[in-house]
Amino acid sequence: MSISVSNISKSYDAVKALQDISFEVKSGELFGLIGPDGAGKTSLFRILTTLLLANEGTATVAGFDVVKDYKKIRNSVGYMPGKFSLYQDLTVEENLTFFATTFGTTIQENYDLIQEIYVQIEPFKNRRAGKLSGGMKQKLALCCALIHKPKVLFLDEPTTGVDPVSRKEFWEMLKRLQQKGITILVSTPYMDEAALCDRIALIQDGKILQIDTPQAIVKHYPKQIYNVSATNTYELTNALKAYEYSHSVYPFGEFVHYTDQRSDFNPTELKAYLESKNLSDLVIEKTKVTIEDTFMELAK
Amino acid sequence: MDNDKVIQVEGLTKMFGDFTAVDAITFDVKKGEIFGFLGANGAGKTTAMKMLIGISIPTAGTANVAGFDVFKQAEDIKKNIGYMSQKFALYDDLTVKENITFFGGIYGLSRNVIKEKSDVLITELGLQKVANQLVASLPLGWKQKLSFSVALIHDPKIVFLDEPTGGVDPITRRQFWEMIYKAANEGTTVFVTTHYMDEAEYCDRVSIMVNGKIEALDTPKKLKKQFNAATMNDVFLKLARG
Ligand SMILES: Nc1ncnc2c1ncn2[C@@H]1O[C@H](COP(=O)(O)OP(=O)(O)OP(=O)(O)O)[C@@H](O)[C@H]1O
Ligand SMILES: [Mg+2]
């Protein structure tokens with residue numbers, strides 16, 4: 001086991017940030033923590049990277065105990081915190097050199113690990129970090145967390161603010177790091193990214209709701225989802241919400257995802273209802289469940 | 001000025017030294033429109049937005065926002081627009097109520113009006129229980145909904161939102177867009193950036209910036225057709241890296 005968490009709890013005054021959390025991450029696994037802001041993900045990251053003490057429970061990372069062996073853990077893990085840890089008044093290159101030197105390595109030595117992301121900010125390597133755009137900062141922070149070739153990589157919302165093209169490249173890079181034997185624990189608010197993990201834990205209010213492969217989690221979804229569209233999405237959403245049999249109504253890009261309370265739901269009836277609400281160009285068709293649907297159903 | 005157009009931009013440019021962050025962009029936004037301002041990291045979205053709201057002086061070009069010139073009438077622009085910055089736009093060490101009062105005061109609203117607005121807003125957002133808590137203690141999604149409402153407190157003609165839903169959970173993100181729709185329905189123009197491509201679908205029109213230039217601008221439907229793509233995500237992937 002690369003990461004092992006047993007019965008971890010953490011409270012801040014009255015707030016229970018983590019309640020009796022247990023899970024294991026295998027060596028070389030890409031494991032996702034999926035949950036809303038405030039679910040306790042960051043507290044968990046901080047406990048596993050030895051920056052915060054739990055009230056109860058134990059945890060090991062790369063075989064080391066997070067309390068007793070904290071020094072060894074710090075040398076063998078990389079951590080990219082959700083909030084920037086960059087030096088705003090150092091340049092891009094100086095930030096990276098600083099992190100490399102701290103761990104007794106150089107940019108050249110592990111350049112292959114960061115190359116794909118770094119080439120995108122390299123043209124600006126003499127610019128101060130404080131003057132980078134939001135997403136460019138995220139990319140630099142990731143390079144800094146990787147530059148000492150860690151065994152275990154902790155990434156707390158690494159792609160928040162990152163554009164879709166870069167997100168895609170970023171995940172391709174994570175897959176490649178994984179092939180080099182690095183274990184990765186990553187949190188994300190993007191549900192399409194959850195689908196790219198080997199296993200995910202859905203967490204909310206400090207508790208784990210489900211742990212499984214993304215494929216299995218999607219299978220547990222209890223209902224048939226319908227894609228609904230009409231000329232006016234805003235009015236369509238309102239009409240669907242007002243429908244007496246509606247179970248859930250969520251805009252999903254160009255469609256609205258709709259589920260019905262009844263098991264013998266008949267789309268024709270819904271169509272008639274929507275027509276009576278003056279909606280036109282109606283389409284109602286079955287669609288596949290995504291992690292985002294599952295998450296919203298559990299979080300409801 | 002054409003009454004229907006609340007933002008008119010021509011050849012707008014911003015240079016930092018010899019680096020061109022925004023490169024002669026030209027476009028219009030109509031009243032009540034939800035205008036999606038997309039682009040890759042570093043494309044120049046935030047820089048362009050800062051010129052439009054009158055806090056950064058353009059290097060070249062012209063822009064008229066809410067009827068005012070960005071060069072000569074920056075102060076009038078600020079009074080007539082709302083802005084939510086990419087970083088958090090409220091004071092963490094003030095309570096929910098204090099933040100509302102503070103921003104209401106900045107926009108010169110009277111005490112009575114602020115009190116009234118504050119009550120309505122707190123009720124609408126369901127923040128009654130946390131009204132006297134520090135904003136720092138709220139989940140991100142709540143903060144973002146609150147700062148959107150605060151950006152609207154003086155009934156601005158246009159509201160500028162720079163990545164308002166970044167990192168926000170799926171349910172709250174959708175609630176946020178309901179608020180956007182509502183504001184637009186009431187006639188407020190919404191100018192918004194996002195990296196969530198499902199949200200691009202909710203915009204009336206969308207522009208995509210690449211290296212400081214606007215490379216595409218149309219309704220999501222037409223853009224998908226133009227680039228022969230099934231989703232806005234695919235449109236973005238085809239375009240954004242230039
Ligand atoms: N004050 C400044 N001095 C020098 N360069 C700057 C300054 N502000 C912004 N830039 C540069 O201008 C470019 C555009 O930045 P901007 O913040 O507008 O991008 P963006 O489209 O908002 O990106 P993101 O999606 O990451 O937020 C970047 O290369 C950035 O580093
Ligand atoms: Mg920006």
Side-chain angles (χ1 to χ4, degrees), chain A residues 12 15 34-39 82 84 120-121 123-124 127 131-139 157 159-169 187-192 204 229 232-235 237-238 241 248-256 290-297 299-300, chain B residues 16-17 19 21 34 38-47 86-87 137-144 162-163 165-174 177-178 180-182 184-185 193-202 220-221 224 230-242:
Chain A
Y12 305 97
V15 183
I34 318 297
D37 187 76
F84 303 124
Q120 295 162 31
I121 48 174
F124 313 105
R127 192 172 288 174
K131 298 210 162 155
L132 296 176
S133 79
M136 290 158 94
K137 284 183 187 162
Q138 289 295 84
K139 289 175 189 170
E157 297 201 3
T159 54
T160 295
V162 173
D163 68 65
V165 184
S166 306
R167 283 207 297 128
K168 188 163 166 278
E169 290 166 350
S187 71
T188 177
Y190 289 99
M191 298 292 145
D192 57 340
Q204 192 179 8
S229 68
N232 187 324
T233 308
Y234 181 58
E235 278 164 20
T237 311
N238 288 340
K241 281 190 179 162
S248 67
V249 177
Y250 294 116
F252 248 86
E254 78 180 299
F255 295 102
V256 177
T290 68
I291 303 266
E292 192 150 0
D293 294 297
T294 309
F295 181 81
M296 290 196 287
E297 181 62 26
K300 238 173 129 181
Chain B
F16 298 107
F19 175 76
I34 302 177
L38 310 187
N41 296 132
K45 303 179 296 294
T46 300
T47 308
Q86 188 167 356
K87 287 192 196 140
S137 68
L138 301 184
L140 176 71
W142 295 21
K143 287 184 192 173
Q144 294 304 82
D162 198 356
E163 281 188 49
T165 56
V168 173
D169 69 85
I171 294 181
T172 316
R173 213 152 64 71
R174 287 173 172 79
W177 272 88
E178 276 176 26
I180 291 184
Y181 272 126
K182 188 162 167 275
N185 252 11
T193 73
T194 180
H195 289 305
Y196 289 93
M197 290 303 114
D198 58 333
E199 295 182 356
E201 303 270 4
Y202 310 148
K221 211 178 205 163
K224 283 184 278 183
T231 60
M232 279 305 290
N233 197 54
D234 292 343
V235 172
F236 195 93
L237 294 183
K238 283 190 177 174
L239 241 169
R241 262 308 151 63

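Quick note: numbers below take in every heavy atom, side chains included, and nothing from hydrogens, waters or symmetry partners. Owing to the predicted nature of the structure, the values given are computational and were not obtained by experimental measurement. Letters go in sequence order (proteins before strands), and every chain restarts at 1.
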Interatomic distance, [X] atom [atom1] to [Y] atom [atom2] [nearest 0.5 angstrom]:
X        : Y        : atom1 : atom2 : value
B/Ser137 : B/Trp142 : OG    : CH2   : 9.0 Å
B/Glu199 : B/Leu38  : CD    : CG    : 10.0 Å
A/Lys137 : A/Ile121 : NZ    : CD1   : 12.5 Å
A/Arg127 : B/Phe19  : CZ    : CZ    : 4.5 Å

Answer with side chain, backbone, both or neither: which region of [X] has an atom nearer than 4.5 Å to a non-hydrogen atom of chain B?
X        : answer
A/Phe295 : side chain
A/Met191 : side chain
A/Gln204 : neither
A/Phe124 : side chain
A/Glu157 : side chain
A/Val162 : both
A/Lys168 : side chain
A/Thr233 : side chain

Report task. Would you mind telling me which of B/Asn185, B/Thr165, B/Thr194 has the largest number of heavy-atom pairs within less than 4.5 Å of chain A? Result -> B/Asn185
Query - Top contributor to chain A contacts, counting heavy-atom pairs under 4.5 Å, from B/Asp198, B/Ile171, B/Asp169, B/Thr47 - result: B/Ile171
Quick one: does [X]'s side chain have a donor or acceptor within less than 3.5 Å of a partner on [Y]'s backbone?
X        : Y        : value
B/Arg174 : A/Pro251 : yes
B/Thr193 : B/Glu163 : yes
B/Asn41  : A/Gly161 : yes
A/Lys241 : A/Val249 : no

Query raised in the report: Taking every heavy-atom pair that is under 4.5 Å apart, which of A/Val165, A/Leu132, A/Thr160 has the most such pairs with chain B?
Result: A/Val165
Report summary line: Answer key: most heavy-atom pairs under 4.5 Å with chain B among A/Ser133, A/Gly253, A/Ala39 is A/Gly253
Query raised in the report: In terms of heavy-atom proximity below 4.5 Å to chain A, should B/Lys224 be classed as side chain, backbone, both, or neither?
Result: side chain
Query - Ring centroid separation A/Tyr234 to B/Tyr202 under 6.0 Å - result: no
